[in-house]
Colleague: 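Take this structure first; my questions come after.
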Amino acid sequence: MNPKILVSACLLGERVRYDGSAKPFESDLLRKWQQEGWVVPLCPEVAAGFAIPRPPAEIEAEFGGGDVLFGAARVFENSGRDVTESFLQAARIAVSTATTKGCGYALLTDGSPACGSSFVYAGRYDGARKFGQGVVAAALREIGVAVYAQSEITHLAARLSMDAVR
């Protein structure tokens, strides 16, 4: 059985980021996984109806994606507009996609209020980072998907190898 990996579409070169850019991630491992048919691309924000481009959004200071999932925090654009419900919709879409496509793993863009898996921006729109995860990463982890940032691709490869021998 081939593993399935949910991958942030911007890492695959799709121009779906908030500013209309991509964040192409050059990796022999990722190319190999694409060729093997293991990659399931998704931009949860675009799938939830966000425009390209769109205003930057951040999770409230002192909170993370799990807090948003459980109703303890909100996500705001830099204009002050509350986009929490759209981020929750993005998380629902990612969970549904992972479930229906059989994705046990995810490779997500770190820093994003949706996809960040080790850090997100601090909620002050000043470029400061904080340890934590985005709303989508938190939702995927809640259902047992192993979530990795692009900087952790070798850890994902090791996990795939370990799981293959089990």
Side-chain angles (χ1 to χ4, degrees), residues 4-35 37-61 63-65 68-69 73-98 101 103 105-141 145-157:
K4 293 292 183 182
I5 308 163
L6 189 71
V7 177
S8 293
C10 62
L11 295 177
L12 300 170
E14 293 186 33
R15 300 175 62 84
V16 293
R17 296 186 73 222
Y18 76 94
D19 60 1
S21 70
K23 193 170 189 170
F25 182 63
E26 296 298 323
S27 164
D28 291 338
L29 286 168
L30 187 54
R31 275 189 289 283
K32 175 184 176 271
W33 296 338
Q34 284 180 284
Q35 291 167 353
W38 297 2
V39 170
V40 176
L42 178 70
C43 175
E45 292 177 37
V46 171
F50 280 98
I52 305 168
R54 56 191 170 274
E58 295 185 11
I59 299 168
E60 286 181 281
F63 294 99
V68 176
L69 284 180
R74 316 283 304 157
V75 184
F76 294 97
E77 291 178 340
N78 63 350
S79 66
R81 183 174 148 232
D82 186 336
V83 290
T84 305
E85 186 50 46
S86 295
F87 274 86
L88 291 170
Q89 178 64 13
R92 289 189 290 271
I93 290 168
V95 164
S96 175
T97 301
K101 300 287 186 177
C103 299
Y105 312 89
L107 184 68
L108 304 178
T109 306
D110 224 358
S112 160
C115 295
S117 62
S118 66
F119 78 88
V120 293
Y121 288 93
R124 298 186 306 264
Y125 309 97
D126 61 2
R129 299 175 176 187
K130 63 183 175 186
F131 176 77
Q133 61 187 341
V135 181
V136 168
L140 289 170
R141 284 181 169 140
V145 173
V147 178
Y148 296 85
Q150 71 269 28
S151 63
E152 301 172 314
I153 194 167
T154 57
H155 298 291
L156 172 54

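Side chains are part of it too, since the values below use all heavy atoms of this structure and drop only hydrogens, waters and symmetry mates.
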Colleague: Kindly indicate, with the supporting measurements, whether the criterion side chain to side chain contact (heavy atoms under 4.5 Å, CB included) is fulfilled by Leu156 and Trp33.
Modeller: CA-CA 11 Å; Leu156 172 54; Trp33 296 338; 3.7 Å; yes
Colleague: Counting C-beta onward and ignoring hydrogens, is there a side-chain heavy-atom pair between Cys10 and Val16 closer than 4.5 Å?
Modeller: yes
Colleague: Can you tell me how far apart CD (Gln150) and OG (Ser27) are? Round to the nearest 0.5 Å.
Modeller: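 Spacing of CD (Gln150) from OG (Ser27) equals 10.5 Å.
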Colleague: Hey, could you give me the CG/CD distance between Asp28 and Gln35, rounded to the nearest 0.5 Å?
Modeller: 9.5 Å
Colleague: Looking at every non-hydrogen atom in both residues, tell me the closest pair between Ala9 and Cys43 and how far apart they are.
Modeller: CB-N, 3.8 Å
Colleague: Would you indicate whether the side-chain heavy atoms of Glu14 and Pro41 approach each other to under 4.5 Å?
Modeller: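 Side chain of Pro41 against side chain of Glu14, heavy atoms only: contact under 4.5 Å found.
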Colleague: So how far is it from Ile153 CD1 to Phe25 CZ, rounded to the nearest 0.5 Å?
Modeller: 4.5 Å
Colleague: So, for Ala137 and Gly116, which heavy atoms are closest and what is the spacing to 0.1 Å?
Modeller: CB-O, 3.2 Å
Colleague: Between Gln89, Arg17, Arg54, which is the residue that forms a side chain to side chain contact (heavy atoms under 4.5 Å, CB included) with Glu45?
Modeller: Arg54
Colleague: Is there a side-chain contact between Val7 and Leu42, using heavy atoms and a 4.5 Å cut-off?
Modeller: no
Colleague: Supply the atom-to-atom distance Leu6 CG to Leu107 CG, rounded to the nearest 0.5 angstrom.
Modeller: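 Rounded to the nearest 0.5 Å, the CG-CG separation comes out at 9.5 Å.
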Colleague: Going by heavy atoms in the side chains, are Val120 and Lys130 under 4.5 Å from each other?
Modeller: yes
Colleague: Does the Lys101 side chain pair with the main chain of Val39, one donor and one acceptor, at a distance under 3.5 Å?
Modeller: no
Colleague: Treating Glu58 as the side-chain partner and Arg124 as the backbone partner, does any N or O pair qualify as donor plus acceptor under 3.5 Å?
Modeller: yes
Colleague: Is a side-chain N or O of Glu60 found less than 3.5 angstrom from the main chain of Arg74, in a donor-acceptor match?
Modeller: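 Pair found, side chain donor or acceptor close to backbone of Arg74.
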Colleague: Is any side-chain heavy atom of Ser117 closer than 4.5 Å to a side-chain heavy atom of Arg141?
Modeller: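 Of all side-chain heavy-atom pairs linking Arg141 with Ser117, at least one is under 4.5 Å.
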Colleague: Hey, is the main chain of Thr109 close enough, under 3.5 Å, to the side chain of Ser8 for a donor-acceptor pair?
Modeller: yes
Colleague: Work out which heavy atom in Phe87 is nearest to a heavy atom in Val135; give both atom names and the distance.
Modeller: O-CG1, 3.8 Å
Colleague: Is the shortest heavy-atom distance from the side chain of Val136 to the side chain of Ile93 under 4.5 Å?
Modeller: no
Colleague: Rounded to the nearest 0.5 Å, how far does OH of Tyr125 lie from CD of Glu77?
Modeller: 8.0 Å
Colleague: How far apart are the closest heavy atoms of Cys103 and Val40, and which atoms are they?
Modeller: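 What the structure gives for the nearest pair is SG-CG2, 3.7 Å.
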Colleague: Quick check: closest heavy atoms across Pro113 and Ala57, and the distance to 0.1 Å?
Modeller: CG-O, 3.3 Å
Colleague: Using the rule given for side chain to side chain contact (heavy atoms under 4.5 Å, CB included), can you reason through Arg92 versus Val95, listing the C-alpha separation, both sets of side-chain angles and the distance that settles it, and then say yes or no?
Modeller: CA-CA 5 Å; Arg92 289 189 290 271; Val95 164; 5.8 Å; no
Colleague: Val83 vs Phe50, test: side chain to side chain contact (heavy atoms under 4.5 Å, CB included). Steps then yes/no.
Modeller: CA-CA 10 Å; Val83 290; Phe50 280 98; 4.1 Å; yes
Colleague: Find out whether Leu140 and Leu108 are in side-chain contact, i.e. whether some heavy atom of one side chain is under 4.5 Å from a heavy atom of the other.
Modeller: yes
Colleague: Does Arg15, at its CZ atom, have more than 12 non-hydrogen atoms belonging to other residues, nucleotides or ligands within less than 6.0 Å?
Modeller: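 Open: at most 12 neighbouring heavy atoms sit under 6.0 Å from CZ of Arg15.
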Colleague: I need the Arg129 CZ to Asp110 CG distance, nearest 0.5 Å.
Modeller: 7.5 Å
Colleague: Report yes or no: do Arg31 and Gln34 form a side-chain donor-acceptor pair below 3.5 Å?
Modeller: no
